[in-house]
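Residue numbers start from 1 in every chain, and the chains themselves are labelled A, B, ... in the order their sequence lines are given, proteins ahead of strands. Owing to the predicted nature of the structure, the values given are computational and were not obtained by experimental measurement.
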Amino acid sequence: MEVIKWQKETFSALRRQGIDLVCHVPDAGHAKVIEMCEADNEVDCITCTSEEEGIHMLSGAWLGGRRGAMLLQSSGVGNIINALAMPNTCRIPILIIVTMRGEYGEFNPWQVPMGQGTPACLEAMGMRLYRAEEPTQVAPAVENMARLAFDSQQLCAILLSQKLLGAKDFRELAK
Amino acid sequence: MTDEISRRPFVKSLLNARPDGLAVVAGLGSPCWDVAAAGDHKHNMYVWGAMGGAAMIGYGLAQAQKERRILVITGDGEMLMGMGAFSTIAWKPTPNLAILVLDNSRFGETGAQFTHTSGPTDLAAIAEASGIKSVRSVKNTEEAEDLKSFLFNEPGPVVAVAKIKYEKLKFVLPSSSGSFLKDRFRTSLLGTEKATLP
């Protein structure tokens, strides 16, 4: 229930900040927000084949005066690095919400390298990070990182920790 | 072949006919130099990096400026790197977006190595198979002339792949300042207030 609550609040926070273009490469942790974006006639919700498409799209949208955000998981962070060259060089605001894998309680070792490398990679590309560990931190983080992004022309990422999301139970899924 | 397409006169002829309001996204490398050589314009955004992104940058712009025609001019090297864009764009199509791929089958900036389109790969076929409904492939100057109305007027998203000859040309450099290009572009599209106030 709690997972659904902060996801609903995330969607409301995005909408309050004037974001009506949302792209994603999906993750279970974003499922409810994606569903709510799809259901809102005023939101264009775009599924990308790979995460760099999302950074390019958000850059183009801002050039045209529209606020967007991307939802992705930490493994997808590796795909956006060079795409960040444009918003970094041009001072184009970027807002992304990253569901973390490869940390607290992870079963799949293949998720660990990119999950653990995510903060350093994003910081190396000039992104400002906020890490949420508790459900009550998520919506305020979305709202305030959106302000930092769009008011101060920054590249901003909210990292949703695996402790907050709960690790995927592979053993259960294999039964 | 006397009627092979030469990129500079082709892009110049195209942009000389640009309709009012058209915004152009030029992909990195030679397409930037071609667009600059045709004459600078405040509605031009020159993308000097972020290879693979031109089509999606144009798509984002098309999502933001739904009443405005958006033309992306890029090369085969960049389009090969970002082919997934065809699928993403086709799924949620924007009628105001046109993409022109200048295909010389070479990585022109890095020593003219051959690209996959010199081999078995066909970018127009990939666009079509990805679900883009209006796709054209042109190979000579006469066919290229017909592209103007296709790129400027045909309900989009449209993709044109122009097979052009390989030429070693002088660079024609536009501004490389991202913040200048971005602010100029946004100001011309949105007005100073909307472009510069949060």
Side-chain angles (χ1 to χ4, degrees), chain A residues 17-26 37-38 42-70 76 79-94 125-126 146-155, chain B residues 23 25 27-28 43 45-68 70 72 78 81-94 96-97 130 176-191 194-198:
Chain A
Q17 286 299 312
I19 289 158
D20 60 2
L21 180 63
V22 175
C23 57
H24 64 90
V25 175
C37 289
E38 295 279 10
E42 289 173 12
V43 175
D44 285 307
C45 187
I46 310 297
T47 309
C48 297
T49 69
S50 183
E51 292 81 358
E52 66 269 31
E53 287 177 8
I55 298 296
H56 298 310
M57 190 194 81
L58 296 178
S59 302
W62 176 254
L63 285 178
R66 192 167 178 188
R67 290 182 174 207
M70 175 159 64
N79 296 339
I80 70 171
I81 300 300
N82 189 47
L84 292 170
M86 180 171 179
N88 188 318
T89 306
C90 298
R91 302 315 316 162
I92 290 173
I94 291 289
M125 292 307 291
R147 288 201 179 104
L148 178 62
F150 295 108
D151 293 349
S152 293
Q153 295 101 48
Q154 297 296 308
L155 286 62
Chain B
V25 174
L28 82 178
H43 286 2
M45 184 68 197
Y46 306 95
V47 183
W48 283 67
M51 184 166 173
M56 284 303 294
I57 294 164
Y59 178 65
L61 185 53
Q63 284 282 6
Q65 293 272 314
K66 291 189 172 175
E67 304 303 314
R68 186 185 298 278
I70 309 298
V72 173
E78 172 158 73
M81 193 180 274
M83 291 191 312
F86 288 143
S87 296
T88 299
I89 293 166
W91 195 7
K92 301 275 173 77
T94 41
N96 53 333
L97 177 65
S130 303
S176 66
S177 164
S179 46
F180 166 76
L181 291 168
K182 177 250 314 185
D183 284 337
R184 181 179 74 157
F185 187 83
R186 277 170 51 85
T187 302
S188 75
L189 261 58
L190 307 169
K194 190 151 195 283
T196 58
L197 286 174

Checklist line | A:Ile80 vs A:Glu51 side-chain heavy atoms within contact, under 4.5 Å | finding: yes
Check: Measuring heavy-atom distances to chain A, does B:Leu181 have an atom under 4.5 Å in its side chain, in its backbone, in both, or in neither?
Finding: neither
Check: How many angstroms lie between atom CG of A:Leu155 and atom CG of A:Asn88, to the nearest 0.5 angstrom?
Finding: 6.0 Å
Notebook entry, point to check: Under a 4.5 Å heavy-atom cutoff, which of A:Asn82, A:Ile92, A:Asp151, A:Leu63 has the most pairs with chain B?
Noted result: A:Leu63
Checklist line | Best-contacting candidate, A:Ala61, A:Gly18, A:Cys45, A:Ser59, against chain B by heavy atom pairs under 4.5 angstrom | finding: A:Ala61
Notebook entry, point to check: So, do A:Ile46 and B:Tyr59 sit near enough that their side-chain heavy atoms are less than 4.5 Å apart?
Noted result: yes
Next item on the list: Would you check if B:Thr94 and B:Ile70 make a side-chain contact, meaning some heavy-atom pair closer than 4.5 Å?
Entry: no
Checklist line | Part of B:Met83 within contact of chain A (heavy atom distance under 4.5 Å) | finding: neither
Note to self: If we count only N and O atoms by modelled type, under 3.5 Å, do the side chains of A:Gln154 and A:Ser152 hold a donor and an acceptor together?
What the structure shows: no
Notebook entry, point to check: What part of A:Ser50 gets closer than 4.5 Å to chain B, counting heavy atoms only: side chain, backbone, both or neither?
Noted result: neither
Check: What residue in A:Glu53, A:Glu52, A:Arg66, A:Gln153 has the most heavy-atom pairs under 4.5 Å with chain B?
Finding: A:Glu53
